[in-house]
**Student:** 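Questions regarding the structure given below will be posed in turn.
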Amino acid sequence: CDIVRVEKDQIYLIHVKYGFDASIRELTNQISLSSRRFHEDRKSGNFKYIRKVYDQVVTKRESAYLKDFEIFKELFSRKIIFVFAFTSQLKYDEPVETSIDSYRSNIAKYSLVQCSHDMQLTEFDLQFCQIRRT
């Protein structure tokens with residue numbers, strides 16, 4: 001994900017893309033794959049995926065305060081919420097929920113529906129956020 005927001009009882013894994021076009025397929029694939037891996041980790045109790053993510057974060061030094069795997073793993077014991085965030089590439093920044101016909105990419109529309117369906121197979125919530133241009 002691009003952004004992680006940690007709150008007391010939940011963690012938001014925010015995936016961001018520019019445009020509501022074919023690039024949305026990549027975003028939805030990232031969310032679907034990540035949610036399946038987190039789901040399998042929780043189900044199996046072995047946390048291989050979380051360990052892999054931790055090792056990458058530590059190697060890249062992207063989070064200097066996470067010195068312990070157990071602390072990192074505990075972050076994901078919270079309610080996990082995946083966020084599908086994007087900004088419109090249209091000349092007039094119309095909200096996708098009320099102007100879906102203005103968006104021409106059938107790939108993006110299909111990917112969004114497929115991702116929503118995939119998320120129903122896990123215990124995680126999926127939220128959508130259109131980042132409005134001002």
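In what follows, residues are counted from 1 in the order of the sequence shown.
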**Student:** According to side-chain contact (heavy atoms from CB on, under 4.5 Å), who are the partners of Gln120, at least two apart in sequence or on a separate chain?
**Tutor:**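 Only Ser116 meet the side-chain contact (heavy atoms from CB on, under 4.5 Å) criterion with Gln120.
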
**Student:** Of all residues at least two apart in sequence or in a different chain, which pass the ring-ring contact (aromatic ring centres under 6.0 Å, His included) check with Tyr49?
**Tutor:** Phe38

**Student:** Counting only heavy atoms from other residues, nucleotides and ligands, does the tally under 6.0 Å from CZ of Arg5 exceed 12?
**Tutor:** no

**Student:** Any salt bridge (Lys or Arg N to Asp or Glu O under 4.0 Å) involving residues 30-40? Give me the pairs, sequence neighbours left out, ordered by first then second residue.
**Tutor:**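 Of all non-adjacent pairs touching residues 30-40, those that pass salt bridge (Lys or Arg N to Asp or Glu O under 4.0 Å) are Glu40-Lys43.
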
**Student:** Could you tell me the separation between the CZ atom of Phe82 and the CG atom of Leu126, rounded to the nearest 0.5 Å?
**Tutor:** 9.0 Å

**Student:** Can you list the residues that meet the salt bridge (Lys or Arg N to Asp or Glu O under 4.0 Å) rule with Arg42, with sequence neighbours excluded?
**Tutor:**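 Expected list: Glu123.
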
**Student:** Could you pull out all residues at least two apart from Ser44 that satisfy side chain to side chain donor-acceptor pair (under 3.5 Å)?
**Tutor:**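 By the side chain to side chain donor-acceptor pair (under 3.5 Å) rule, Ser44 matches Asn46.
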
**Student:** Which residues pass the salt bridge (Lys or Arg N to Asp or Glu O under 4.0 Å) test with Lys79, sequence neighbours left out?
**Tutor:** Asp125

**Student:** With sequence neighbours excluded, tell me which residues meet side-chain contact (heavy atoms from CB on, under 4.5 Å) with Val4.
**Tutor:**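 Val4: side-chain contact (heavy atoms from CB on, under 4.5 Å) contacts with Cys1, Val6, Ile11, Leu13.
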
**Student:** By salt bridge (Lys or Arg N to Asp or Glu O under 4.0 Å), which residues pair with Lys73, not counting sequence neighbours?
**Tutor:**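 With neighbours one apart ignored, the set is Glu70.
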
**Student:** Just to verify, what does Phe128 make a ring-ring contact (aromatic ring centres under 6.0 Å, His included) with, not counting sequence neighbours?
**Tutor:**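 Per chain and number, Phe128 pairs via ring-ring contact (aromatic ring centres under 6.0 Å, His included) with Phe84.
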
**Student:** Among all residues two or more places apart in sequence or in another chain, which pass the salt bridge (Lys or Arg N to Asp or Glu O under 4.0 Å) test with Asp55?
**Tutor:**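 Scan of Asp55 (salt bridge (Lys or Arg N to Asp or Glu O under 4.0 Å), adjacent residues dropped) gives Arg51.
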
**Student:** My understanding is that only residues two or more places apart in sequence, or in another chain, count here; which of them pass side chain to side chain donor-acceptor pair (under 3.5 Å) with Glu26?
**Tutor:** Lys17, Gln30

**Student:** Tell me which pairs pass salt bridge (Lys or Arg N to Asp or Glu O under 4.0 Å) where either residue lies in residues 110-119, with sequence neighbours left out.
**Tutor:** none

